[in-house]
Amino acid sequence: MLFRSLILASASPRRRQLLSWLNLPFEVHVADIDETPLAHEAPGDYTLRLAKTKAEVVAQRLDGENSDSYWVLASDTTVSLDGEILGKPLDETMAYDMLTRLRGRSHQVFTAVALARPELALNSSRSQTETEAIIAELCVVDVPMRAYSDAEMTVYIQSGDPMDKAGAYAIQHAGFHPVEHLDGCFAAVMGLPLCHVMRLLKRAGVELSANMPAHCLDGLGYNCSIAGQIYPIFKP
């Protein structure tokens, strides 16, 4: 299959940074969708639905020549505590409440990635199978938060960093450092599980050789132990 470029359906600078490690050309087209959870929707189902919808919305905007050489990549990340979805805080009080509830406990981060081929999405119908228009994967990570102090939490909230983050925190924030130890995909908690993206691209016929464990170690300071479980070429 001719492949020229990816379209990243996200305005997140963190996702742009992570995606650049694949050494593939990509453009950014932001998907503006309603992210309200459905009644009784489970966190994993919610996250997959949003990622697929973002991919489909952006793919349907693309037309013209060579649309068969583009794939649209979308991602969505959800923080869940005891099955409850924690979105982005609306104000500092909400951020304080979220971080207080998460402190010293483990929660789950669900990150879905979806890949849509424009000419298939443009001609797809709801009766078509996923493999004909959109393929997707879900990564789930258990995240144990450390017992940070009220003072640390207050300084972090006043920095403004939590306000555009699901669950009101960024795992990579060096000053706050909310997570002591992690046994899972660090990049997924940031918003884009790169080994899953590579696996999706392989399913689409694009096989890459980017060394994700090395990128995560160099770029994030994280020594990943699960990359080989997701993408076998990374097995030692």
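Of all heavy-atom pairs between Q108 and F110, the closest is CB-CE1, 3.7 Å. Heavy atoms only, all atoms of each residue included: L115 and A204 are closest at CD2-CB, 3.8 Å. Across W21 and A210, no two heavy atoms sit closer than the pair O-CB, 3.8 Å. Closest heavy-atom contact between V58 and A9: CG2-CB, 3.6 Å. Annotation for T100 and Y96: closest pair OG1-O, 2.7 Å, computed over non-hydrogen atoms. For the residue pair A188 and V141, the shortest heavy atom distance occurs at CB-CG2, 4.1 Å.
Between R14 and Q172, the closest side-chain pair of non-hydrogen atoms falls below 4.5 Å. Inter-residue side-chain proximity for L182 and P144 is flagged as met; some heavy-atom pair is nearer than 4.5 Å. Taking 4.5 Å as the limit, some side-chain heavy atom of E35 sits within range of a side-chain heavy atom of Y46. When side chains are defined from C-beta on, M198 counts as touching F234, because their heavy atoms get closer than 4.5 Å. For the pair L8 and L6, the minimum side-chain heavy-atom distance is 4.5 Å or more. Residues D45 and T47 are not in side-chain contact: their nearest non-hydrogen atoms beyond the backbone lie 4.5 Å or more apart. With contacts defined as side-chain heavy-atom distances shorter than 4.5 Å, the pair L24/L19 does not qualify. Counting heavy atoms from C-beta outward, N23 and L208 have side chains that stay 4.5 Å or more apart.
Residues F26 and M212 are members of one and the same hydrophobic cluster, defined by side-chain heavy-atom contacts under 4.5 angstrom among Ile, Leu, Val, Met, Phe, Trp and Tyr. A single hydrophobic cluster is not seen to contain both V140 and V197; linkage of ILVMFWY side chains at heavy-atom distances under 4.5 Å, directly or through other members, places them apart. M190 and L138 are members of different hydrophobic clusters when ILVMFWY side chains are connected at heavy-atom separations under 4.5 Å. Linking Ile, Leu, Val, Met, Phe, Trp and Tyr whenever their side-chain heavy atoms come within less than 4.5 Å leaves I233 and I226 in two separate clusters. Side-chain heavy atoms closer than 4.5 Å link hydrophobic residues (I, L, V, M, F, W, Y) into clusters, and following such links, even through other members, never connects Y231 to L217.
Partners of F186 by ring pair (Phe, Tyr, Trp, His ring centres under 6.0 Å), not counting sequence neighbours, listed by chain and number: Y222. Here E207 pairs with K202 under the salt bridge (Lys or Arg N to Asp or Glu O under 4.0 Å) rule; sequence neighbours left out. For D91, there are no salt bridge (Lys or Arg N to Asp or Glu O under 4.0 Å) partners two or more places apart in sequence or in a different chain. With sequence neighbours left out, H196 forms a ring pair (Phe, Tyr, Trp, His ring centres under 6.0 Å) with no residue at all. For the salt bridge (Lys or Arg N to Asp or Glu O under 4.0 Å) test, no residue two or more places apart in sequence or in another chain qualifies with D97. Partners of D161 by salt bridge (Lys or Arg N to Asp or Glu O under 4.0 Å), not counting sequence neighbours, listed by chain and number: K165.
One finds a salt bridge joining R103 and D150 here, because a Lys/Arg side-chain nitrogen approaches an Asp/Glu carboxylate oxygen to under 4.0 Å. Using a 4.0 Å cut-off between a side-chain N of Lys or Arg and a carboxylate O of Asp or Glu, R101 and E84 qualify as a salt bridge. Using a 4.0 Å cut-off between charged side-chain N and carboxylate O, E56 and R61 make no salt bridge. Salt bridge absent: K88 and D164 never bring a charged side-chain N and a carboxylate O closer than 4.0 Å.
Rounded to the nearest 0.5 Å, atoms NE2 (H107) and CZ (R105) are 10.5 Å apart. Between the OG atom of S75 and the CG atom of L18 there is a distance of 9.5 Å, given to the nearest 0.5 Å. Atom CZ of R146 and atom CG of L102 lie 13.0 Å apart (nearest 0.5 Å). Annotation: the span from L73 atom CG to K54 atom NZ amounts to 11.0 Å, rounded to 0.5 Å. Here the CG-OG1 distance, from L50 to T78, works out to 6.5 Å after rounding to the nearest 0.5 Å. The distance from atom CG of D76 to atom CG of L48, rounded to the nearest 0.5 Å, is 9.5 Å.
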Can you list the steps and then say if L194 with L192 is a side-chain contact (heavy atoms from CB on, under 4.5 Å)?
CA-CA 6 Å; L194 291 167; L192 194 66; 4.0 Å; yes
Show, in sequence, the C-alpha distance, side-chain angles and deciding distance for M145 and E180, and conclude whether the side-chain contact (heavy atoms from CB on, under 4.5 Å) test is met.
CA-CA 7 Å; M145 301 289 268; E180 203 73 68; over 6 Å; no
Can D32 and V30 be said to form a side-chain contact (heavy atoms from CB on, under 4.5 Å), step by step?
CA-CA 6 Å; D32 184 14; V30 178; 5.5 Å; no
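The aromatic ring centres of F176 and Y169 sit 6.0 Å or more apart. In summary, the aromatic rings of Y70 and H29 are positioned with their centroids too far apart to meet the 6.0 Å limit.
Side-chain contact check for D183 and S225: at least one donor-acceptor pair (N or O, by modelled atom type) lies under 3.5 Å. Residues R15 and S20 have side chains that never bring a donor and an acceptor to within less than 3.5 angstrom of each other.
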